[in-house]
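Here the structure comes first, spelled out in structure tokens, and everything after it is commentary.
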Amino acid sequence: MNGRIALRHVSKVYGADPRTALLLLAQGADKQRVQAETGQHVGLYDVSLSIPAGGIYAIMGLSGSGKSTLVRHINRLVEPSAGQVLIDGEDVLGFGAARLRELRRRRISMVFQHFGLLPHRSVLDNVAFGRRVRGESRRQAQEAARGWLARVGLSGHEHDYPDQLSGGMRQRVGLARALASDTDILLMDEPFSALDPLLRDDLQTQLLALQAELGKTIVFITHDVEEAFRLGQRIALLRDGRLVQEGEPEAVRQAPVDDYVARFLARVNGGSVPRSTGSARG
């Protein structure tokens, strides 16, 4: 499986005895049965994905589907119970503490759903933070931060603090901070879901424009099927910790693998449910 980022048979079980849970899953048990019999929670089971360089890869699913758990495996904020996570062919699970710090500082940045800003730092210092952490001078880091604040439409707010900003402005600060870090890979965990529809649409448009210029590798997590189809060059759908379907948006829209996917996709089909190519999965 080739790709800038590759997940190979990744599983995550939260609990004291993941091996027992994984054995039940291998025997065909679903996450509800595993939890009932073992008291453990299945975050992901046997997920394999190949995420190409230079595009937006959208991962969608309902609450509890495992999508946020999945994206946190890429920078090892979550450790898998089984499987491999590769970036440019290297298994990041083998990285020691020093290499993992470098991965997070120089190669991968992240935008969180609830902004993740530092409340006691100014907007300028929030955006400059990643560059300061990796050793740049205050002057250099702030110069880069000012440039990115201008790019996201926040010039003039450099000396404000997060609690002085609207939700949409705070999310722009989070986006500017991630871009200012100048990493090749950008992880975005439901970054626009807390915003009203007009602001969400504006930020989607801005992200697409920036991506057309910058060519980052972006992994975008969303529960909104319309957002996934608008942004993603490829999309993946998770359900109960399992990968249900993956592919180019139009191919997925035209040929959902089962009735669950068909119902999930109805919003991008004008409310009509496309015909599935298989039977529904429990």
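Please read all numbers here as calculations on a predicted model, not as lab measurements.
Taking hydrophobic clusters as Ile, Leu, Val, Met, Phe, Trp and Tyr residues chained together by side-chain heavy-atom distances below 4.5 Å, Val85 shares a cluster with Leu44. Two different hydrophobic clusters hold Val133 and Ile185 under the rule that ILVMFWY side chains link at heavy-atom gaps under 4.5 Å. Both Val34 and Tyr45 belong to a common hydrophobic cluster when Ile, Leu, Val, Met, Phe, Trp and Tyr are linked at side-chain heavy-atom distances under 4.5 angstrom. Leu118 and Val152 fall into different hydrophobic clusters, where Ile, Leu, Val, Met, Phe, Trp and Tyr are joined by side-chain heavy atoms under 4.5 Å apart, directly or via other members. Note: the hydrophobic cluster containing Tyr260 does not contain Val42 (ILVMFWY, side chain heavy atoms under 4.5 Å, direct or indirect links).
Looking only at distances, no side-chain donor or acceptor of Arg121 sits under 3.5 Å from a matching main-chain atom of Asn126. Distance alone, capped at 3.5 Å, places no donor-acceptor pair between the Gln233 side chain and the Gly55 backbone. Using modelled atom types, no side-chain atom of Ser181 and backbone atom of Thr183 make a donor-acceptor pair closer than 3.5 Å. At distances below 3.5 Å, not a single donor-acceptor pair connects side-chain atoms of Arg131 with backbone N or O atoms of Gly135. Side-chain atoms of Lys31 do not come within 3.5 Å of backbone N or O of Asp240 as any donor-acceptor pair. In this structure, the side chain of Lys12 does not engage the main chain of Leu70 through any donor-acceptor pair within 3.5 Å. Looking only at distances, no side-chain donor or acceptor of Arg4 sits under 3.5 Å from a matching main-chain atom of Gly54. In this structure a side-chain-to-backbone donor-acceptor pair under 3.5 Å is missing from Ser109 to Leu186. Counting only distance, with no hydrogens or angles, the side chain of Gln245 and the backbone of Asp258 share no donor-acceptor pair below 3.5 Å. Panel note: side chain Arg76, backbone Val92; a donor-acceptor pair is recorded below 3.5 Å.
Note that CG of Leu265 and CD of Gln254 are 10.5 Å apart. Values are rounded to the nearest 0.5 Å. Distance CG/Leu117 to CZ/Phe129: 11.5 Å, rounded to 0.5 Å. Ile221 contributes atom CD1, which lies 11.5 Å from atom CE of Met60 (distance to the nearest 0.5 angstrom). Residue Ile218 holds its CD1 atom at 4.0 Å from CD of Gln211, rounded to the nearest 0.5 Å. Note: Met188 CE to Leu207 CG = 5.0 Å, rounded to the nearest 0.5 Å.
Between Arg230 and Asp201 there is a salt bridge, with a side-chain nitrogen of the basic residue lying less than 4.0 Å from a carboxylate oxygen of the acidic one. Under a 4.0 Å N-O distance rule, the pair Arg72/Asp189 qualifies as a salt bridge. For Arg107 and Glu102, the salt-bridge test fails: no basic side-chain N is under 4.0 Å from an acidic carboxylate O. Salt-bridge formation is not detected for the pair Lys216/Asp184: no Lys NZ or Arg NE/NH1/NH2 atom is positioned less than 4.0 Å from an Asp or Glu carboxylate oxygen. Salt-bridge formation is not detected for the pair Glu226/Arg200: no Lys NZ or Arg NE/NH1/NH2 atom is positioned less than 4.0 Å from an Asp or Glu carboxylate oxygen.
In this structure, Val244 and Leu238 approach most closely via the heavy-atom pair CG2-C, 4.2 Å. In plain terms, the two heavy atoms of Leu124 and Gln142 that are nearest each other are CD2-CD, 3.6 Å. Closest non-hydrogen pair, His9 versus Asp46, comes out as ND1-OD1, 2.8 Å. Taking both residues in full, the closest heavy atoms of Met110 and Leu77 are given as SD-CD1, 3.8 Å, listed atom of the first, atom of the second, then distance. In terms of heavy-atom proximity, Glu190 sits nearest to Ser193 at O-OG, 3.2 Å. The two residues Arg105 and Arg134 have their closest heavy-atom pair at O-NH1, 3.0 Å.
Two residues are said to be in side-chain contact when any heavy atoms from C-beta on lie closer than 4.5 Å; Gln40 and Pro18 meet this criterion. When side chains are defined from C-beta on, Val78 counts as touching Tyr14, because their heavy atoms get closer than 4.5 Å. Here the side chains of Gln206 and Asp202 are not in contact, with every heavy-atom distance at 4.5 Å or above. At least one side-chain heavy atom of Ile108 sits less than 4.5 Å from a side-chain heavy atom of Ile87. Side-chain contact check for Ser63 versus His223: every heavy-atom pair is 4.5 Å or farther apart.
Of the residues Ile56, Ile5, Leu49, the one that meets the side-chain contact (heavy atoms from CB on, under 4.5 Å) test with Val219 is Ile5.
Tyr57 and Glu246 are linked by a side-chain donor-acceptor pair at a separation below 3.5 angstrom, with hydrogens and angles left out of the test.
More than 12 heavy atoms of other residues, nucleotides or ligands shown are found within 6.0 angstrom of CD on Gln32.
Arg253 forms no cation-pi arrangement with Phe229, by the criterion of a distance under 6.0 Å to the ring centre and an angle within 45° of the ring axis.
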